[in-house]
**Q** 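One structure is given below, represented as structure tokens, and several questions about it will come after.
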Amino acid sequence: MPRAPARTAGRAAAAARPSPKAAVVPPARTARPSHKPFSGMWWLRMSVMGLIWGAAFFAAVLLWFTHDMPRPDQALNHSRRPAAAILANDGSLLATQGDMFGEVLRLRDMPAFLPAALLSIEDRRFREHVGLDPFGVARAVYANLTAGDVVQGGSTLTQQLAKNLFLSAERSTRRKVQEALLALWLEHRFSKDQLLEIYLNRVYLGGGAYGMDAAARLFFGVSARRVTIWQAAMLAGLPQAPSRTNPRTNPEAAMQRATEVLRAMVETGAITDAQRTQAIAEMRLPTRPGSGGGWFADWVMETVATRMPQLTDVMVRATLDPRWQSAAETRLRALIEREGDRANVAQGAVVVLDANSGAVRAMVGGRDYRRSPFNRVTDARRQPGSSFKPVYYLAALERGASPGSTVSDAPLRRGGWSPGNGRYRSRGEITLEDALAASVNTAAVRVMDLAGGPQGARAMATRLGIQARWPANGSLALGTGELTLLELAGAYAPMVNGGRRVVPHGIRQVVSDGRTQPYAPPAPEQVVGGESAAGMRRMLQAVVARGSGRAANFPGLVIGGKTGTTQDFKDAWFIGFLGSGENTVIIGIWLGNDHGEPMEEVMGGTLPARLFREIVEATR
């Protein structure tokens with residue numbers, strides 16, 4: 001029997017048995033993940049997730065801090081209030097309104113000690129830091145802790161610039177973060193010199209002045225190109241507290257701060273100690289602004305706004321003369337302080353006019369502008385009393401009378417009205433010159449008859465520039481209408497300048513956006529004959545030489561004028577002139593009380609005439 005199948009079966013069985021080598025190989029198993037808690041892959045995944053969530057959180061925080069932050073490129077084109085600067089006739093700054101900007105200066109245009117003063121007191125590491133200065137913050141913290149008060153700030157000049165250009169004065173974490181981000185942007189966008197120039201030209205320094213040039217002109221009357229060391233120190237000390245160290249409103253604090261800046265300049269080597277000593281010796285209290293300029297400035301700006309409403313920034317070259325303004329302002333205040341309680345006088349007003357052009361040289365609208373900006377020169381309408389008499393005396397001269405013509409001073413009655421003459425004793429017939437000099441009321445009524453009656457008096461008043469409502473009866477002879485001091489003073493101009501009516505004005509020139517705008521007051525107009533005007537001038541001189549205005553006389557000077565007193569001593573006036581020819585000025589004065597309370601027998605020939613003389617004396 002064949003054996004092949006058996007061998008085949010044996011091989012199969014042998015193949016089915018595992019070999020010794022195969023027996024040691026473990027059977028195949030399914031792979032399972034590792035359970036080690038701190039494997040590299042886990043750390044990687046956690047790091048990526050942390051970065052993603054951290055970035056999201058940072059973005060959210062950043063968005064919260066910056067969502068209302070202005071765009072720096074747009075904020076550089078800032079908006080501001082329209083500015084007005086009013087210059088007196090000598091070029092000095094009289095007043096400002098709105099935001100005042102000076103000339104844009106480069107570093108090379110300024111004395112080197114001006115930017116050096118700023119860096120010495122505000123940011124000594126300006127050239128080294130990148131907009132933020134941790135060392136400066138640490139130094140400020142140490143100084144404040146040592147002093148027990150906030151004596152030093154940690155903000156860099158760039159941070160201050162960012163705040164001034166783009167942000168409000170709000171004190172908050174959000175504002176500080178925005179300030180830091182904007183400071184970094186500024187450092188990236190501009191060079192250090194450019195940043196310093198922007199700061200010097202744009203920083204707010206008080207009084208409406210932005211930039212060193214505007215502040216130098218406002219506080220010292222010079223350009224920043226020409227400031228001295230002590231002036232530079234005073235300007236550099238302003239950014240920290242512009243209101244508290246304003247040289248015009250708080251000169252003592254300004255000088256104290258300037259002394260600190262000078263000491264810092266020595267420490268940084270900007271100046272020597274000898275220069276510091278000299279600067280302190282030269283430092284002086286800036287002149288406090290006069291209050292009278294306020295009334296004049298308001299009047300001028302109202303004129304500009306009315307006649308030129310389309311203008312924005314303007315510079316007004318005005319007619320005001322600081323010498324006359326100072327004299328009128330100080331002497332009026334001194335008189336009221338000296339005599340006010342005794343005479344029951346609380347207010348007054350003074351205006352000084354050029355008799356040939358109508359240019360206003362001085363305007364004092366009251367005792368104190370800060371307490372009462374109401375302008376009693378231009379806005380208060382009051383009865384002029386006898387100071388109105390020259391108006392119709394002039395009309396009588398035009399109708400053929402002369403200063404030597406005679407008129408009766410005897411008592412008279414018109415209907416139920418009879419004017420009195422006070423202590424004057426009738427002499428019968430007197431000349432018009434004597435009647436005006438002594439201010440005789442009965443004679444004045446008869447002079448008004450020579451002038452054509454009330455109608456003739458009103459017509460002459462209109463020709464002289466007075467716009468007022470007048471009574472239609474004989475009481476007009478005693479000045480019972482109402483007018484302003486400016487109107488009455490202007491009406492006297494034709495009486496002393498040869499007969500030419502002038503329009504009182506305060507503007508010589510208006511400059512807007514670098515261009516001179518057309519502005520010219522009406523030219524003087526001949527409204528009265530020269531001979532009549534000369535006769536009136538002669539009679540006004542007689543009033544001062546030997547009449548009711550003798551208290552206004554000043555030896556060696558040509559002076560004339562007329563007194564005026566209203567019923568119950570409610571108003572006292574003196575309208576006078578000084579000089580001759582082209583040098584003639586008119587000085588108008590009113591004294592009284594705002595609500596018409598009677599004064600204690602104050603007449604035009606007493607305090608007002610004395611005030612006229614004192615103002616003239618102060619200008620000699």
Side-chain angles (χ1 to χ4, degrees), residues 65-66 69-80 99-140 152-170 175-206 209-216 223-225 227 231-242 257 261 264-265 267-271:
F65 277 114
T66 63
M69 190 169 71
R71 289 183 57 183
D73 53 343
Q74 292 181 352
L76 283 173
N77 300 321
H78 65 297
S79 60
R80 58 184 177 85
D99 296 339
M100 180 183 176
F101 283 75
E103 184 182 356
V104 176
L105 301 180
R106 306 296 298 271
L107 290 180
R108 62 175 177 268
D109 299 327
M110 311 174 195
F113 51 74
L114 178 55
L118 180 70
L119 295 180
S120 296
I121 196 66
E122 292 292 341
D123 190 355
R124 298 183 184 183
R125 285 175 39 82
F126 174 72
R127 299 286 181 182
E128 286 75 43
H129 62 65
V130 294
L132 307 177
D133 186 12
F135 295 100
V137 173
R139 183 177 62 252
Q152 193 175 119
S155 296
T156 66
L157 202 71
T158 315
Q159 287 176 271
Q160 295 180 38
L161 182 60
K163 180 180 67 175
N164 290 332
L165 288 179
F166 310 127
L167 303 172
S168 68
E170 175 192 3
R175 207 269 299 159
K176 291 298 291 183
V177 171
Q178 293 178 346
E179 176 187 295
L181 294 173
L182 289 167
L184 294 173
W185 179 86
L186 285 170
E187 289 278 351
H188 174 73
R189 176 69 173 77
F190 299 101
S191 69
K192 289 289 187 179
D193 282 353
Q194 288 174 325
L195 289 173
L196 189 54
E197 286 176 353
I198 295 172
Y199 189 97
L200 290 166
N201 283 295
R202 299 279 288 275
V203 63
Y204 181 65
L205 297 171
Y210 287 80
M212 293 292 175
D213 191 62
S223 167
R225 298 171 184 268
V227 294
Q231 290 171 338
M234 194 167 287
L235 293 174
L238 289 172
Q240 186 183 80
R257 176 65 172 165
V261 176
M265 293 175 72
E267 293 173 358
T268 59
I271 59 173

**Q** Quick one: pull up CG in Leu114 and CG in Leu107 and give me the separation to the nearest 0.5 Å.
**A**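 Atom-to-atom, Leu114:CG and Leu107:CG are 9.5 Å apart.
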
**Q** Can you sort out the partners of Ala214 under side chain to side chain contact (heavy atoms under 4.5 Å, CB included), two or more places apart, ordered by chain and number?
**A**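 Listed in chain order: Met100, Ala209.
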
**Q** Write out all pairs satisfying side chain to side chain donor-acceptor pair (under 3.5 Å) with one or both partners inside residues 102-115, taking only residues at least two apart or from two chains.
**A**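 Of all non-adjacent pairs touching residues 102-115, those that pass side chain to side chain donor-acceptor pair (under 3.5 Å) are Glu103-Arg225, Arg106-Glu197.
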
**Q** If only side-chain N and O atoms count, and only distance matters, is there a donor-acceptor pair under 3.5 Å linking Gln160 with Ser155?
**A**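 Judged by distance alone, the side chains do not pair up.
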
**Q** I need the minimum non-hydrogen distance between His129 and Lys192, along with the two atoms involved.
**A**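 Looking at all heavy atoms of both residues, the shortest contact is O-NZ, 2.9 Å.
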
**Q** Rounded to the nearest 0.5 Å, how far apart are CZ of Phe190 and CG of Leu161?
**A**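 Here the rounded value is 8.5 Å.
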
**Q** If you measure from OH on Tyr199 to CG on Leu186, what distance do you get to the nearest 0.5 Å?
**A**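 Answer rounded to 0.5 Å: 12.5 Å.
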
**Q** Do Gln240 and Glu122 have side-chain heavy atoms sitting under 4.5 Å apart?
**A**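 Yes, close enough: below the 4.5 Å cut-off.
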
**Q** Minimum heavy-atom separation for Ala233 to Val261, with atom names?
**A**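 Taking Ala233 first and Val261 second, the nearest heavy atoms are O-CG2, 3.6 Å.
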
**Q** Taking Asn201 for the side chain and Leu105 for the main chain, is one N or O donor matched with an acceptor at less than 3.5 Å?
**A**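 Yes, the answer is positive, given that a donor and an acceptor are paired below the 3.5 Å cut-off.
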
**Q** Look up atom CG in Leu118 and atom CE in Met265, then write down how far apart they are to the nearest 0.5 Å.
**A**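 The CE atom of Met265 is 10.5 Å from CG of Leu118, to the nearest 0.5 Å.
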
**Q** Can you tell me how far OG of Ser223 sits from CE of Met212, rounded to the nearest 0.5 angstrom?
**A**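 Interatomic distance, Met212 CE to Ser223 OG, rounded to 0.5 Å: 12.5 Å.
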
**Q** Looking only at heavy atoms, which two atoms of Gly211 and Leu205 are closest? And how far apart?
**A**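 Closest approach of Gly211 to Leu205: O-CD1, 3.5 Å.
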
**Q** Check the orientation of Tyr204 and Tyr210. Use parallel for under 30°, tilted for 30 to 60°, and perpendicular for over 60°.
**A**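 Tilted.
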
**Q** Taking side chain to side chain contact (heavy atoms under 4.5 Å, CB included) as the test, write out the residues that go with Ala264, two or more places apart.
**A**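 Here the qualifying residues are Ser120, Ile121, Arg124.
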
**Q** Taking all non-hydrogen atoms of both residues, which atom of Pro242 and which atom of Pro239 are closest, and how far apart?
**A**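 Closest pair (atom of Pro242, atom of Pro239, distance): CD-O, 3.7 Å.
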
**Q** Please answer whether the main-chain N or O of Leu184 pairs with a side-chain N or O of Glu187 as donor and acceptor at a distance below 3.5 Å.
**A**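 Checked: no pair found.
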
**Q** With rounding to the nearest 0.5 angstrom, report the CE to CG distance, Met234 to Leu238.
**A**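 Met234 atom CE to Leu238 atom CG measures 8.0 Å (nearest 0.5 Å).
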
**Q** Checking Leu119 now: which residues fulfil side chain to side chain contact (heavy atoms under 4.5 Å, CB included) with it, not counting sequence neighbours?
**A**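 Once residues adjacent in sequence are excluded, the partners of Leu119 under the side chain to side chain contact (heavy atoms under 4.5 Å, CB included) criterion are Phe126, Leu157, Leu196.
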
**Q** State, to 0.1 Å, how close Ala224 and Pro111 come at their nearest heavy-atom pair, and which atoms those are.
**A**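 Scanning both residues completely, I find the closest heavy atoms to be O-CD, 3.4 Å.
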
